[in-house]
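Numbered from 1 within each chain, the chains take letters A, B, ... in sequence-line order.
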There are 2 protein chains.
Amino acid sequence: MHIASPAPRASSTGEAAPGLRERNRVRRTRRVERAALELALEHGVDVVTVDMICEASDVSPRTYFNYFGTKEGALLGPAPSTPSSEAVDEFVHARGPIVEDLMIIMARAFFATESDPEVFAMRRLLFEREPALQSLRLMRLADKRQATAAIVRRRLAVQHPELTEDEASDQTHLVVSIVMGAFPVISRQWLAHPGDAAHAETLIRAAIDKIRRIVTPDA
Amino acid sequence: MHIASPAPRASSTGEAAPGLRERNRVRRTRRVERAALELALEHGVDVVTVDMICEASDVSPRTYFNYFGTKEGALLGPAPSTPSSEAVDEFVHARGPIVEDLMIIMARAFFATESDPEVFAMRRLLFEREPALQSLRLMRLADKRQATAAIVRRRLAVQHPELTEDEASDQTHLVVSIVMGAFPVISRQWLAHPGDAAHAETLIRAAIDKIRRIVTPDA
DNA sequence: CTGTATTTTTGCAGTCTCTGCACTTTTGCG
DNA sequence: CGCAAAAGTGCAGAGACTGCAAAAATACAG
């Protein structure tokens, strides 16, 4: 099984003093991720072994697993952070179009995970080349799916108490599916134009518009 | 990596004479699947080992992997068969609503994979209990995503040559996302009411309708 | 600076999944 | 029956991953 157990990844309390410990952790993470990506890009994911990565980045395999949990961990990068409970509450009570609202909080959570831009670029390249990795990533997302579904459900309960259990359930699943499905498309466009956050919302609206046109039978 | 390599699974040429060989294969498959599911339901997927399954079903581990490719193979069941090239051609030139058409051929391919009803039931139960398996299943589907995207693309090229490369690409991704996303919802409803094929199309239309309403801002 | 407590890294041994290869058994068929 | 093809099996080995305890690094007084 082990869908991915990215390990603790302790986050510092606030921002105060990074401290040597923390700085080392970050440095090491970067080093390993970079090594892993370089190797994977050069030889292909299947050929690369954890031992190779460890030798290249000079950490023990045991430490590698402490950090990343799985062989692919260093390639996939940190899992998107869970939205804060305030953000969730805001979503639950927001009254905009539900898909749009959900998409927005997901996008925020997604781009909140900072990462070395160079590493980020390599990752993109690798993902394009190896669709299997994309799938793995989706799997990790799927784990969040339940959580996401839960907050959608909450919103529906609050705003549409008239729905039956089944209706609400179906609608929840559909909303989550649409959003998670459209997400890659939007993030692709976003990455093509390194615009600002406002631009992101425009993209989101445009995508939703496209979806509407797709599901609406031609006039 | 090995997202799933379900192994050959040679299909007989037609229907003529099953032959002892074929009959044995089927028998063994059933036996192993059943054993795997029983063990997984009783002890949990993570606890069960391939060796346990093999001992319970009296095949060598090597044979197990020849049949199922991965530990989870016997739990997941056969991968949905790829739609026939005639079906694909039909889809490419069909002029109905694209999501509906795609959904229909996917549904056909999906239900074409027959399986022992008892095994089927156990599988459903297990999937409910272990969401990680669902994710694995999604991963296998994601592998088909590329293939699916390709035929959607073909249809767009034929029916909407006016679209730019990028537009077509975006639209393709969105269509595939929507369909694959909505699929579980529909199959859930379908399984709840073991209706006939015609009923399936009704469900599909209803789901698409719901999607439209979801993405359409409230009046 | 020094000594101590705490956290992190590491080595090691072991389990489990999965693969290639060679060998045996089973099945198909003339 | 006898031979050829196909399928099942055993074995050895690589690679992913885990628990545990020793070792090293870091924090933190005094």
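- Set against C:dG28, D:dA27, C:dT9, the side chain of A:Asn66 has C:dT9 as its closest nucleotide.
- Summary of the strand contacts: A:Arg62 and A:Val50 both lie near DNA chain D, and taking for each the nucleotide with the nearest heavy atom, the more 5' one is attributed to A:Val50.
- Using a 4.0 Å heavy-atom cutoff across all strands shown, A:Thr63 reaches at least one base atom of the nucleic acid.
- Closest approach of B:Val48 and B:Lys71 over heavy atoms only: O-NZ, 3.0 Å.
- Rounded to whole Å, the distance from CG on A:Asp46 to C1' on C:dT19 is 13 Å.
- Residue B:Asn24 places no side-chain N or O under 4.0 Å from the OP1 or OP2 atom of D:dA7.
- Among the nucleotides D:dA27, D:dG8, D:dC17, the one closest to any side-chain atom of A:Leu20 is D:dA27.
- Taking atom OH of B:Tyr67 as the reference point, atom P of D:dA6 lies 15 Å away to the nearest angstrom.
- Checked for salt-bridge contact, A:Asp170 and B:Arg188 meet the test: a charged N lies under 4.0 Å from a carboxylate O.
- Atom CE in B:Met52 sits roughly 10 Å away from atom P in C:dC16 (whole-Å rounding).
- Under 3.5 Å, the side chains of A:Ser177 and A:Arg145 contain a donor-acceptor pair of N or O atoms.
- Using a 4.0 Å heavy-atom criterion, one finds that A:Arg28 contacts the sugar-phosphate atoms exclusively.
- Between A:Tyr64 and B:Thr49, it is A:Tyr64 whose nearest contact on DNA chain C lies nearer the 5' terminus.
- A salt bridge does not link B:Glu167 with A:Lys210: every distance from a Lys NZ or Arg NE/NH1/NH2 to an Asp or Glu carboxylate oxygen is 4.0 Å or more.
- The distance between atom CZ of B:Arg27 and atom C1' of D:dA7, rounded to the nearest whole Å, is 15 Å.
- A:Asp58 has no carboxylate O lying under 4.0 Å from a charged side-chain N of A:Arg31, or vice versa, which leaves the two without a salt bridge.
- The distance from atom CD of A:Glu55 to atom C1' of D:dG15 is 15 Å, rounded to the nearest whole Å.
- Rounded to an integer number of Å, the gap from A:Arg23 CZ to D:dA25 P is 16 Å.
- Taking only side-chain atoms of A:Phe65, from C-beta outward, the nucleotide of C:dC18, D:dA16, C:dT9 with the closest atom is D:dA16.
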Can you name the atoms? Protein N/O to nucleotides 3-6 of chain C N/O, anything below 3.5 Å, with the distance.
none

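- In this structure, B:Asp51 places its CG atom 7 Å from P of C:dC16, rounding to the nearest Å.
- Between A:Glu22 and A:Arg25, at least one side-chain N (NZ, or NE/NH1/NH2) sits under 4.0 Å from a carboxylate O, which counts as a salt bridge.
- Ionic pairing of B:Arg137 and B:Glu72 is not present here: no N-O contact between side-chain nitrogen and carboxylate oxygen is shorter than 4.0 angstrom.
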